[in-house]
Every structure is written in structure tokens, then in C-alpha cells.
Amino acid sequence: MHRFLKTDILSTMRMRFLKGIIATLVLFFVQGVFAKEDSHEEGKDLKTEIKEYIQHHLQDAHDFSLFSYTKENGEHKYIGFPLPVILWDNGLKVFSSSKFHHGETLAEIDGNYYKLYHSKIYKTDASGTINYDEEHHPTNVKPLDFSITKNVVMIMVTGLLMLWLFTSLARSYAKNNGIPTGAGRFFEPIVLYIRDDIARPNIGEKRYKKYMPFLLTIFFFIWFLNMFGMTPLGINVTGNIAITFALALMVFLITNFTGTKDYWMHQFNPLGDSMPWYAKIPLYIILVPIEILGLFIKPFSLLIRLYANMQAGHIVLMSLIGLMFIFKSWIGSPLSFGLAFAISLIEVLVALLQAYIFTMLSALYFGFASEEHEHDHGHDDEPELAHL
Amino acid sequence: MEKLLNEFSLGLFVWQTLLFGLLLFLLWKFAWKPILKAVNDREEGIKNALDAAEEAKKEMQNVTADSEKLLKEARAEREAMLKEAREIKEKMISDAKEQAQVEGDKMIQKAQATIESEKKAAVADIKSQVANLSIDIAEKVIKGELSDKKKQQKLVENLLDDAKLN
């Protein structure tokens, strides 16, 4: 990231211009406009610009911009809406993100100055200087930032959408004597699939019921947010490490808090009664730490898998769109448009697939935690490899 | 890793945890619970209905078997009745024939007897009539014979001759 720190604010504006264009997806005139614009600006490297733009898009934002454009006189216009900024810096500070003017100005609150710099809020002096360490990282104080960011808004939107969809599905059952109507006809088979093909086989007929609400919620939550990521609004919630960390942490906590005696026995006594205690000591010096490490690796793999997949999908897709502006030819640009289109289709599949995998593996871990052995058999059926 | 840590936003994490927790709770209460219950009830209902249908099918089979049996019995009974009726008919016919024979014979005998007696009576009548006729004829002949003297004479003579001879 530090490679991009030298770029000035103007280039950020131009990135937003690019974003606006892509967002509207009006591809036929994009080339011409861009070629002209590009020539009379200060000769900035288009490739670096696209990289920065992609980088910017992948991060959270303090305002919800739909698109932006540059006027003839070089003034930047933003279409979108500001979001509330909530800071904890010796007291709660709440103000609108419009005060930052998209990073162009400092926000002065109660005599403190805050600067929006690469999507993060730093405390600065009145002139807005940012100090760097030798690795080019800002050393300014970062106040605790609990802002309602773009991602938080999208989580709320998704939450409301899910509440509306599924409570209406629940109501339609009551109304129609157990038969779903409308969108419920589409969602009911998915709910049933999660129950019959994810929860039941992985957790077991006896215990799957108490995990169902979590599995259903997490599946639709990830899927919907992944699908929102496919819209041209520039949303990347599930490709955010804080989100996937929170989700994986919940899986971790549920797994270990619902763990049975057998589960914990397996963690600390993996070989059971298959050999005498003195033979187990040397093995356990290695085995027990591995088992304990496994407790953390399992949810960690969930966290990284979802994050990396969504992040990578966005990078690939946007790079291909960016290529259109780099090629600027009648052959290259349509080609990369076609490729971007194909990747989009794949990404729609990936959106579903990642939600499925996350749910599936969560169910698998819950299954390990809640299973009760009929004792006296080896643990060779314990799928250690399932961490993959 | 450094990049990941740098990207990690505590505020977003807190919001995500709070909002997801709330969403989970609300959906649990107002969506998943009623949905899963409704689906479960429906499946139970379908299962019960299938069981009932199976039961009904079995019942139906039983009924069919019963009626088949009844039908068979009825058919056998009809057969037996027909056979009996045929036998009775034949017997009646043969009986009737026999009786007719006997009766006929009797009648013929009677008729013959009557004919015999009628014939006798007729013959006797004819005999008496022939006798009367003969007497009448004889009378007429004698009258004719005795109409003139000569003849009377002659007759007497003949009679005398006969008487002499005798």
C-alpha cells in the first residue's frame, strides 16, 4: 500500500471519476472521454491510477458515493450521500462525513482536526500534516473509529432485506396453510437444502436443530453480501477482514461453547484408551499442541478463505475492467470487456459457492464439537484433513 | 499479514458483531423458528397422508379380495342352481312322458274294448235286422206265392211233398 502514498489528492478525485464511469457501465463512450481527459492531466500513469482505484474500492468508505465526475473547470462532483462518523477521542464525537469533503478538507470538531487519509481517519494539527515513519506509514494518532461506514450501511441493508424476506416467508406459511408463496418459493428450497444437505449429514439427526438458525443466517448473510458485491455500487463487505474475522469468531465460539465432553476429550486425549499412559506421553507432546492449534486453524481458514476469495474476485474483475482503459483499442477493449463479463458470471457462482462453503464447514465443525462417540473405537474417522 | 492487520478495522468488527448478533436473534425468533416449524409440520403432514393412503390401499385390497371371493361363491351357487334346475326339468319331462305312456295305453285299451263291444252290438243288430228283413222278404214271397189258387195249390202240394218225404 505504501507505494501509493505519494499520490496527491487530485488523483484520488480522478479515481472517483473512473469509479463513476464504471459504476454506470456506459462502456461505449468511456473510451473517448477517457482518452481526452487523460492527455491534458499532469501525465499520470494510468496503470498506477487504476491500481489505486482498485485498492480504494476494496476498502471501506466513510461515505456512500454512487458515482462522481469532473466538470469542465476541473471541479469534482460527487453523487451519493455522506454517512455519520462516530469517533471516540477523549469523548464521543459524532459528525457527518460530508465535513471531510471526500478527503479534500480537514474536519474540525471541538478544536480537534481530523483528516481522512486512505479511508482511515487520523488526528492532525490545524494544517493537516501527516507524519510518516521510515516505512512510510502514518504515525498520527488514529482515534477509535465506530463510524457508520459504507460496509455498516450494507450490513444493515442486508439485515433488513433478510428480515423482510424471511419474516414474510414465515408469515406466508401461516397464511397459506404451510405452502410458501412468491419469493418464498425460491428461498424455501435453499432453506431445506441447508437443513437436509448441510446440517443433517454434518451435525447429525439429533443435534442439528439448535445450529440451524445460525447456519441459515450466516449462509444468507454471506450470500446476499457477496451478491451486493457484484452490483456496480462498489461494495466489498465480505472481502473485508474485519467482517470475516467477526463471522469466524462466532463460529469458533459456538463450536467450543457447544462442545461435548467427547469433543474436549478428543482435544486433550486424542488416542483414548488405545494404549497405556506411558506410551502416550511422548506422542502427546506433539499431538496435543497440534489438536489445540487445530481449534484455531479451523475458524482461521474460514476467515481467510472468504476474505481472499471475495477480495481476489473483485481485484480480477476490476483489473479486467481497468484493462479496457489501458488498451484503448478496438480489439483489446472489447476483449477485456468480454473477459470481464465472463468473470462476472463466474463471480456470481463464487458468491454462492463461498457462502455454501462457509456454511458447510461451520456445520462440519459444529458436528465435531457436538458429536458423542459410541466409545471404544479409534479416531481414525476424525477428519483432520477437513481443515483444508 | 501486515496488510491484513492494517486493513482490520475495529469499528467495523464491532458493528458487524452487534448487527449480526441482532439479525441472528431477530431472524431466529421471527423467521427461522416459524419457517422450520411450518416445514416440519408440512413434512409430518405429508408423511401421515402417505401412511393413510397406504393404509387405504391395503383396505381397498382387502375389500377387493372379499368381493372377489363373494363373486366366486355366487357364481358357484348359480352354477349349482342351474344344474339342479336342469336335472329337475329332465326328471319332470321323463316322468311326464312315462305317465303319458301309461295313460295312453290305458286309453287305447279302453277304446279297443269299447270298439269290441260296439262291434258286437252292431253285429247283433245287423243279425236281427237281417232276420227281420228275411222274414219280411219271406212273407212277401209267400204272399206273392199265395196270391192265386194255383200257386197256393202247388205250394201246398210241394209242402206236402216235402212233408211226405220227411
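Here is the naming used below: chain letters follow the sequence lines, and residue numbers restart at 1 for every chain.
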*Name the region of A:L58, side chain, backbone, both or neither, that has any atom closer than 4.5 Å to a heavy atom of chain B.*
neither

*Which answer fits A:I304, side chain, backbone, both or neither, if we ask what part of it has an atom under 4.5 Å from a heavy atom of chain B?*
side chain

*CZ-CD1 distance between A:R171 and B:I35, expressed to the nearest 0.5 angstrom*: 10.5 Å

*Locate the shortest heavy-atom distance separating B:L36 from A:R195; write the atom from each residue and the value.*
CD2-CD, 4.3 Å

*CG/B:L27 to OG1/A:T167 distance, rounded to the nearest 0.5 angstrom?*
8.0 Å

_Residue selection (most heavy-atom pairs with chain B, distance under 4.5 Å) from A:K120, A:M212, A:K142, A:K209_ = A:K120

*Which atoms form the tightest heavy-atom contact between A:F214 and B:L24, and what is the distance?*
CA-CD1, 3.7 Å

*Are side-chain heavy atoms of A:P213 and B:K29 found at a separation under 4.5 Å?*
no

*What closest approach, in Å, do A:K210 and B:W28 show between heavy atoms, and which atom pair accounts for it?*
O-CH2, 4.0 Å

_To the closest 0.5 Å, what do you measure between CD (B:Q16) and CG (A:L247)?_
4.5 Å

_Would you say that more than 12 heavy atoms from the other residues, nucleotides or ligands in this model lie under 6.0 Å from the CZ of B:F25, or not?_
no

_B:F30, part contacting chain A, at a heavy-atom distance under 4.5 Å_ = both

*Atom CG of A:N151 and atom OG of B:S9: how far apart are they, to the nearest 0.5 Å?*
8.5 Å

*Taking atom CG of A:D60 and atom CG of B:L12, what is their separation to the nearest 0.5 Å?*
5.0 Å

*For A:L144, is it the side chain, the backbone, both or neither that has a heavy atom under 4.5 Å from a heavy atom of chain B?*
side chain

*What part of A:V191 is in contact with chain B, defined as an atom under 4.5 angstrom from a non-hydrogen atom: side chain, backbone, both or neither?*
side chain

*Indicate, with yes or no, if the rings of A:F146 and B:W15 have centres closer together than 6.0 Å.*
no

_Aromatic ring pairing B:F8/A:F245, orientation class (parallel under 30°, perpendicular over 60°, tilted between)_ = perpendicular

_One pair to check against side-chain contact (heavy atoms from CB on, under 4.5 Å): A:Y173 and B:K37. What are the steps and the verdict?_
CA-CA 10 Å; A:Y173 280 120; B:K37 191 180 167 297; over 6 Å; no

*Closest non-hydrogen atom pair, B:T17 against A:A246*: OG1-CB, 3.8 Å

*With only heavy atoms counted, which part of B:L26 is less than 4.5 Å from chain A, the side chain, the backbone, both or neither?*
both

_Neighbour count >12 (heavy atoms, 6.0 Å) for atom CD, B:Q99_ = no

*Which pair of non-hydrogen atoms, one from B:W32 and one from A:T217, has the smallest distance, and what is that distance?*
NE1-OG1, 2.8 Å

*May I ask you to check whether over 12 heavy atoms, not counting those of B:Q101, lie within 6.0 Å of atom CD?*
no

*Against chain B, work out which of A:T158, A:L192, A:I179 has the most heavy-atom pairs shorter than 4.5 Å and name it.*
A:L192

*In terms of heavy-atom pairs under 4.5 Å with chain B, which of A:V237, A:I155, A:D145, A:T149 leads?*
A:I155

*Is it the side chain or the backbone of A:F220 that comes within 4.5 Å of chain B heavy atoms, both, or neither?*
side chain

*Heavy-atom closest contact (A:A242 atom, B:F13 atom, distance)*: O-CD1, 3.7 Å

